[in-house]
Amino acid sequence: MEFKLNLSGVAFDLGHTIDSGQAFRWELRGEWWHGVLPAGAVKVRQEEDSLECVTSSEEVTPHYLREYFRIDDDLDRVYSAIMKDDHVAEAIQRYYGLRLIRQDTWECLVSFVVATNTNIPRIKGMISRVCERFGAKGDFLGVPYALFPTAEALAGASEEELKGCGLGYRARFVKAVAERVWSGGVDLGELRLMDYERAKDLLTDRLLGEKTLLGIGRKAADCILLFSCDKDSAFPIDVWMARVLAKYYPGVLGEELAEKLRSHASGATRLSGGDYERISAAMRGYFGEYAGYAQQYLFHDARMGRLE
DNA sequence: TCCCAGGCTCAAC
DNA sequence: GTTGAGCATGGG
């Protein structure tokens, strides 16, 4: 199936959107980005005023991709809301059109369990191998692809098989999460309907006495909520964001929290759970309802080498 | 080779 | 609620 999405008058930058560390199943081949979504494989290319799309399935409709790339978000509104200082302003200027992606929650959940304490290239490799090993196979333009595995498939996998995909100690967490989701112990669809705090409590297992969503802490939960549940105020803090915040936002956070961020960024200490929440909440208060958008621009800017 | 990476679990305070 | 140790792996 082939179609074009009309982008006239729409701020959208495909490359920065896909390559900003939100989604891990995209690959640039020549001038086309190739990806696999729950509904099928796609390749997309941005032109002047449109997005050229080729898809493997009738299910990957124009509407489907508009939802995935959040084309209907009013970026002008977002920008005016988060434009609080020169640093975001410069990042917005550099990556103008970068959008948050609306991913499948299950895929996003597993992705950010896998993403703990490793780097983005390796995350892509691990997820790719898990998909090839456990996902349903298809063929798109003569090239094989694999869908993201179902919760059933990963719950049925052994820890050893998952380790064989290079997951290391994360194998145990992925299996535990898959078992919990497959057994119906958590309804991922309802996360989108909850407010941020309640959804985060549910993801981090603060509602039940027992921790069964292993591998999902505060940061992973924030990523899942931001990238797949429309919680645009979520403000994940990883080591990159710790550096950014320590360097540019001590005035917002206060010297005490800024010092803790510096120590965390340098690897000397870690953020306590309380400090993580205090910092994240302060940035949410500063940037407002689209704080997660600000975070994504600052994160991408740092990874692009803008920190020095 | 060592260092680092979109951190988290677990035990002990 | 905090803190410290331990953790698998591969890219740079």
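In what follows, chains carry the letters A, B, and so on, assigned in the order in which the sequence lines appear, proteins first and then strands, with residues in each chain numbered from 1. Owing to the predicted nature of the structure, the values given are computational and were not obtained by experimental measurement.
With both ends at atom C1', the span from C:dG4 to B:dG6 equals 23 Å, rounded to whole Å. C:dG10 sits 15 Å from B:dT1 when the P atoms are compared, rounded to a whole Å.
Looking at A:Arg306 and A:Glu90, no side-chain N of the basic residue comes within less than 4.0 Å of a carboxylate O on the acidic one, giving no salt bridge.
In this structure the side chain of A:Val44 reaches within 4.5 angstrom of the side chain of A:Trp26, judged on heavy atoms. The shortest side-chain heavy-atom distance between A:Lys219 and A:Leu271 does not fall under the 4.5 Å cut-off.
At most 12 heavy atoms of other shown residues, nucleotides or ligands fall within 6.0 angstrom of atom CD in A:Glu256.
Contacts between chain A and DNA chain C, taken as any atom within less than 4.0 angstrom of a protein heavy atom, begin and end at C:dT2 to C:dG10.
Among pairs with a residue in residues 156-167 of chain A, those fulfilling side-chain hydrogen bond (donor to acceptor under 3.5 Å, both in side chains) read A:Arg133-A:Glu161, A:Ser158-A:Glu161, at least two apart in sequence or across chains.
Taking CZ of A:Arg66 as the start and CG of A:Asn6 as the end, the distance is 7.5 Å to the nearest 0.5 Å. Considering CG of A:Asp301 and CD of A:Gln93, their distance stands at 11.5 Å, rounded to 0.5 Å.
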Between protein and nucleotides 5-13 of chain B, map the contacts as a letter string: B base, S sugar-phosphate only, - none, heavy atoms under 4.0 Å, written 5' to 3'. BBBBSS---

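Residue-level contact check: A:Arg129 touches neither bases nor backbone, having no heavy atom under 4.0 Å from any strand.
Here the two rings, on A:Tyr79 and A:Tyr96, have centers that are under 6.0 Å apart.
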